[in-house]
Amino acid sequence: MQVRIRYYAALREAAGATEEALDLPDGATVAQARALLAERQPALAALLPACAAAINRGYAPADAPLSEGAELVFIPPLGGG
Amino acid sequence: MQVRIRYYAALREAAGATEEALDLPDGATVAQARALLAERQPALAALLPACAAAINRGYAPADAPLSEGAELVFIPPLGGG
Amino acid sequence: MADKTKTRKASSRPTAAAAPPTPATPPASIIRITREPLDSDAIRALEQAVTTAGAGGIVTFAGVVRDNARGKRVRSLEYDAYPEMAESEMARIAAEVARRWPEGALAMAHRIGPLAIGECSVVVVAACPHRAEAFEACRYAIDTLKASVPIWKKEFYEDGEEWVEG
Amino acid sequence: MADKTKTRKASSRPTAAAAPPTPATPPASIIRITREPLDSDAIRALEQAVTTAGAGGIVTFAGVVRDNARGKRVRSLEYDAYPEMAESEMARIAAEVARRWPEGALAMAHRIGPLAIGECSVVVVAACPHRAEAFEACRYAIDTLKASVPIWKKEFYEDGEEWVEG
């Protein structure tokens, strides 16, 4: 299956992109996606451990399963306000 | 001695005046002034028990002594804000 | 509303004057992620939009870009947001405010993009019948916004830049 | 202020850019008893007067005349004050705010005389480096104002009028 990853803030700058498509085995979790991304993009590896994750615009735990076409966003430490 | 009494809000309307001079024995306290006023002006008698008092623009307890020329104000329950 | 049940005598008073107090139904919440300045006029418009005739206390929080942070001189800021999720998280905050303070009304706006020192980054307005509720609702909303809404801040210094938390 | 002690290299930067962060010294408190409307412009002027470059959070409380109180429909209000003592009590509040939040700045204004529904009776603005302090200072000031400043409120109803507490 394929998910859409969108990048913001420090991740966007480190990735050098605003989004990408990521192929994952069916039923893969947020944690698996995070590990795969860190492996493929060393520039993200240092940032990802501090990030929360959101699936389809809602916070999701590490063991949440992804589904085809999901929007996955890793959320660096917040700075709003 | 003589003190200056100023009236505000409900007391002003009940007294029908904004201020008056009150003659008191030397060393009279706030409590004595209050009792004398209530006796002389029955319209104030119902209001005075709920009032605080201020001498020369600062809150004063019932046993505080007055002095010649002091400004004495009875303070009805507050409504600011 | 209390005198709605009173018997109303026939009267020559105009209808409007005899009407019961304005219903407590507040306006819908306002939520906004914007690249436009949150200047005086924008803040005033948010305040007016949430103020009903039953609102006795209005508390406005404005977050302003400071010229220093953690001992460093800050020259300017940039905010980034995940806008769709930021708005849905702000809607969640507004829903919780509506649940906890049902007579209150809330407006929240966050600016993104580049900001100069002294400019306003975020505004939260809570209008409630009484002041305690307005303070509590406003404080709850800005605290929760900072903790949950996906917005990020980059500080630009004399000699560098950094995405910072908080 | 932290980098004030750093060695500063000779540089071609303009002096202003190399200056340390703006000192935290806030402007003097503003205290006002007034018969003039506390409208948007007046509130904005108070906010601007207390906002320094080090202020990151500005909390404004506006008390607005409601159309109802204790179940009665209110047509209008009148505020009275013992002005000299009201100002000295407000100065006492400002002094306590300055003691507890030394980096904060405070403005307090109360209108007196006749007020219509929807008009603003009181404004308190607290500007502080961080938002928690601004909320606390603003809340302390309005709570204490209500408890100690000699100002009184008369409500006018359909069928009467009354000096009311609170």
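Reminder, nothing fancy here: chain letters follow the sequence lines and each chain counts from 1.
With a threshold of 4.5 angstrom between heavy atoms, Ala86(D) does not approach chain B through any atom at all. Residue Lys154(D) touches chain B through its side chain alone, counting heavy-atom pairs closer than 4.5 Å. Only the side chain of Glu89(D) comes within contact range of chain B, with heavy atoms under 4.5 Å apart.
Among all heavy-atom pairs drawn from Tyr79(D) and Gly81(B), the shortest one is OH-O, 2.8 Å.
Atoms CE and CZ, on Met85(D) and Arg6(B) in that order, are 11.5 Å from each other to the nearest 0.5 Å. One distance of note links OH of Tyr82(D) with CG of Leu78(B); it measures 13.5 Å at 0.5 Å rounding. Once rounded to the nearest 0.5 Å, the distance linking CH2 of Trp163(D) with CG of Leu47(B) reads 12.0 Å.
Ranking Val164(D), Val149(D), Val123(D) against chain B, the residue ahead of the rest is Val149(D), based on heavy-atom pairs under 4.5 Å. Among Ala9(B), Pro76(B), Pro77(B), the residue with the largest count of heavy-atom pairs under 4.5 Å with chain D is Ala9(B).
For Lys153(D) (side chain) and Gly80(B) (main-chain N/O), no donor-acceptor pair under 3.5 Å exists by modelled atom type. With Asp80(D) contributing its side chain and Tyr8(B) its backbone, the two residues share no donor-acceptor pair below 3.5 Å.
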Report the C-alpha separation of Arg57(B) and Glu87(D) in whole Å, then their side-chain angles, then the decisive distance to 0.1 Å, and conclude whether the salt bridge (charged side-chain N to carboxylate O under 4.0 Å, His left out) test is met.
CA-CA 10 Å; Arg57(B) 303 167 186 182; Glu87(D) 291 188 352; over 6 Å; no

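Residue-environment remark: CZ (Arg12(B)) exceeds the threshold of 12 foreign heavy atoms within 6.0 Å.
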